[in-house]
Each structure stands twice: as C-alpha cells, then as structure tokens.
Amino acid sequence: MQSLWMLLACAMFAAMGAFVKVAADIGATLPEIVLFRGIPSVLLLYFWARATRRTIRPSSWRLHVWRNLSGITSMWLGFFALSRLPLPTAVSLNYTAPLFIAGWMLFFGGAQRDPVRVLAVLAGFLGVLGVLRPSIQHDQWIAALMGLGAGGLAAVAMMQIRQLGQIGEPEWRTVLLFSLGVCLSGLGGIALQGWRTTDPLALLALVGLGVAGLVGQLAMTRAFGLGSTLLTAALQYMTIIFAALIGVLFWGDRPAPLAWAGMALIIGSGLLSVWRTYTEARALRGVRGAA
C-alpha cells in the first residue's frame, strides 16, 4: 500500500506543472519559477538535517556536480516547455526519460538483441510523434524540442542518482544539494534579468508550485523507499493522466485522438522499459544469490 503514495506525488507534480503555466501566463519569469521550485525543499531539508545532527557534506562532490548539471538543465528546459505548450503535451515529453534509458541500453549497453527494449523504443518514438503531430503549432517547436531535451537529461540524472545510491549517498542529501543548485541557478537568472513579478496572483502561483513540488518529492521518496519498486515506477505515469485532466478542466485543452494515442504509447513504452529493467535486476540478484 505504501506505493500508493506515488498517486499523491503524481497529483502534486501535475499541479506543479499547472502552477508553472499560471505563473508564466501572468508574467513570472523562468528564473523566478525555478527559484521557487527549490526554496521549500532547501528550507525543509536543511533545518531537518541540522535538527537531527546529520552531515550535509556529500560522499562524492563529482557525482553530485554531474547530477545537478543534468537535473537542473532538465528542469529549466522542462519548465520552459510547460510555460509554452499545452500541459498534457509538455508533461508527456518530460516523461520520456525511460525511453531514453532504454535506447541507451539498447545501443550502448550490450542489449542490442533484446526485443523488449526494441519494442519499447519504437513504441515510445511513435508516441512522441503522436503527441507532437496534432498538438504543436509552428511557433511551438522549439519549446517541444526543449521538452524532449528535458526528458533526455532527466534520464541522465536518473542514472547518476543510481550511482549516488550505489555509493551509499542518502536520498535526502541528494535532494537537498540538488534543490540548493536549483535555487542558485534561479538566483543567477534573476541577477541577469532582475525581479519582474509583482502580481499577487503570480506570487501565489510561485508559492503553489514550490509547495506542490515539495509534497510531490516527499511522497515519491516515501513510495520508492517503502513500497514496491515496480508498482511505484509504474504509477508515476499517472502524472500524464492527471495533467491531461487538469488541462481539460482549466485550460479547455482537447487533445486530438492521435495525441491521446501518443500519450498511451509513451506510457506503455515507459512501463515496458521499467518492467524489463526490474526483471533483469531480479534475475541478476538471483544469479548472484545462487553463486
């Protein structure tokens, strides 16, 4: 049942995307949006670490630097896409990370003959085409490419998070240092552009996206930490469904049938990739146990 925390995480991440769109539509700049995404996590985790006398010094600065570079760049690209594209389209593109991981393993990881990964990559590619073809206007292709780039860099960040876990780095420290990097990048952007948001509704949306992102992060961490890894990873694709519902209810989005089919293919390819990775990991553990 602990895996069901992922449903709360999905709802919060979809709400975060909606807050990003609201804030951007009212006039908030991208650096301001990025800054408010990181502030709640930094405050909560820093004071919690101090109160529980935990060290913030990481086990490997190098791994954290590379994880932050990929993750923060992915966030900037993803938020830009969210501010310019229909909500379900942007979220679908952001959730293509498992497709990129499957493609990497297929072409560079020695899994060239794995028909399951071949199917996942082909289905995911068709899904991306399905989402983009009826949904993207001529002036939105740059935003669409950035959304797809966010998914690709998120895949890189996921693999680096896995490396951090393998050396024993606790999740809270990884999230704290990442959130600190997010805040610093946002402050850097604000230093260049200046602070522009004065509308109280925009400020409220900025606070909302920060809180929603924090609650989503905590719920996701609890789901992966205490629940079934396979079920939790599968449930994360509910974010696309929640985002589509929010887009329909609040923005009047009406995705074309081809776009719905594309979302289904992206979800299906992601689930297939997650399942394949999980079954291979179990088989590897079984071989090591027998040895």
Side-chain angles (χ1 to χ4, degrees), residues 6-7 9-18 20-21 74-75 77-82 84-107 111 114-137 140-159 216 220 229-248 251 253-278:
M6 195 64 206
L7 293 178
C10 292
M12 289 297 100
F13 288 140
M16 182 187 72
V20 169
K21 286 192 67 66
S74 172
M75 179 175 289
L77 294 177
F79 282 177
F80 182 86
L82 282 167
R84 300 292 197 279
L85 300 175
L87 183 60
T89 301
V91 171
S92 297
L93 294 176
N94 286 343
Y95 272 76
T96 55
L99 169 63
F100 284 99
I101 293 175
W104 173 267
M105 295 184 71
L106 180 64
F107 293 107
D114 183 357
V116 175
R117 283 205 170 87
V118 171
L119 179 61
V121 171
L122 290 177
F125 178 71
L126 290 175
V128 170
L129 291 180
V131 167
L132 294 180
R133 188 65 184 92
S135 305
I136 302 301
Q137 306 299 320
Q140 294 178 322
W141 278 101
I142 292 179
L145 291 175
M146 287 189 174
L148 200 56
L153 287 171
V156 176
M158 286 178 182
M159 290 187 283
M220 182 178 67
T229 301
L230 180 60
L231 178 58
T232 301
L235 287 175
Q236 69 179 322
Y237 288 95
M238 286 298 297
T239 305
I240 297 177
I241 306 300
F242 287 140
L245 293 175
I246 291 174
V248 169
W251 278 274
D253 294 333
R254 293 293 185 271
L258 184 58
W260 284 111
M263 292 180 207
L265 280 173
I266 290 174
I267 293 172
S269 66
L271 292 176
L272 192 59
S273 177
V274 166
W275 172 80
R276 189 58 171 172
T277 301
Y278 176 77

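For the numbers below, each heavy atom of this structure counts, side chains included, while hydrogens, waters and symmetry mates do not.
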Quick one, [X] and [Y] - any side-chain contact, counting heavy atoms below 4.5 Å?
X	Y	answer
L265	V128	no
F100	T96	yes
M220	M6	yes

Over all heavy atoms of both residues, which pair between [X] and [Y] is shortest? Give the atoms and the distance, please.
X	Y	value
P86	D253	CB-OD2, 4.1 Å
A90	L85	CB-CB, 4.1 Å
F242	A11	CD1-N, 3.5 Å
V91	A243	CG2-CB, 3.7 Å
P88	A244	CB-CA, 3.7 Å
A18	I246	CB-CG2, 3.9 Å

For the atom pair [atom1] ([X]) and [atom2] ([Y]), what is the distance rounded to the nearest 0.5 Å?
X	Y	atom1	atom2	value
T89	Q140	OG1	CD	8.0 Å
L82	N94	CG	CG	5.5 Å
L258	L129	CG	CG	9.0 Å
I266	F125	CD1	CZ	11.5 Å
F13	Y95	CZ	OH	6.0 Å

Between the side chain of [X] and the main-chain N/O of [Y], is any donor-acceptor distance below 3.5 Å?
X	Y	answer
Q236	C10	no
W260	P255	yes
S74	L153	no
K21	L87	no

For the side chain to side chain contact (heavy atoms under 4.5 Å, CB included) test, which of I240, I267, T239 pairs with S92?
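Per the side chain to side chain contact (heavy atoms under 4.5 Å, CB included) rule, the option paired with S92 is I240, out of I240, I267, T239.
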Does atom CG (L122) have a neighbourhood of more than 12 heavy atoms from anything else shown, all under 6.0 Å?
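More than 12 heavy atoms, drawn from other residues, nucleotides or ligands, come within 6.0 Å of this atom.
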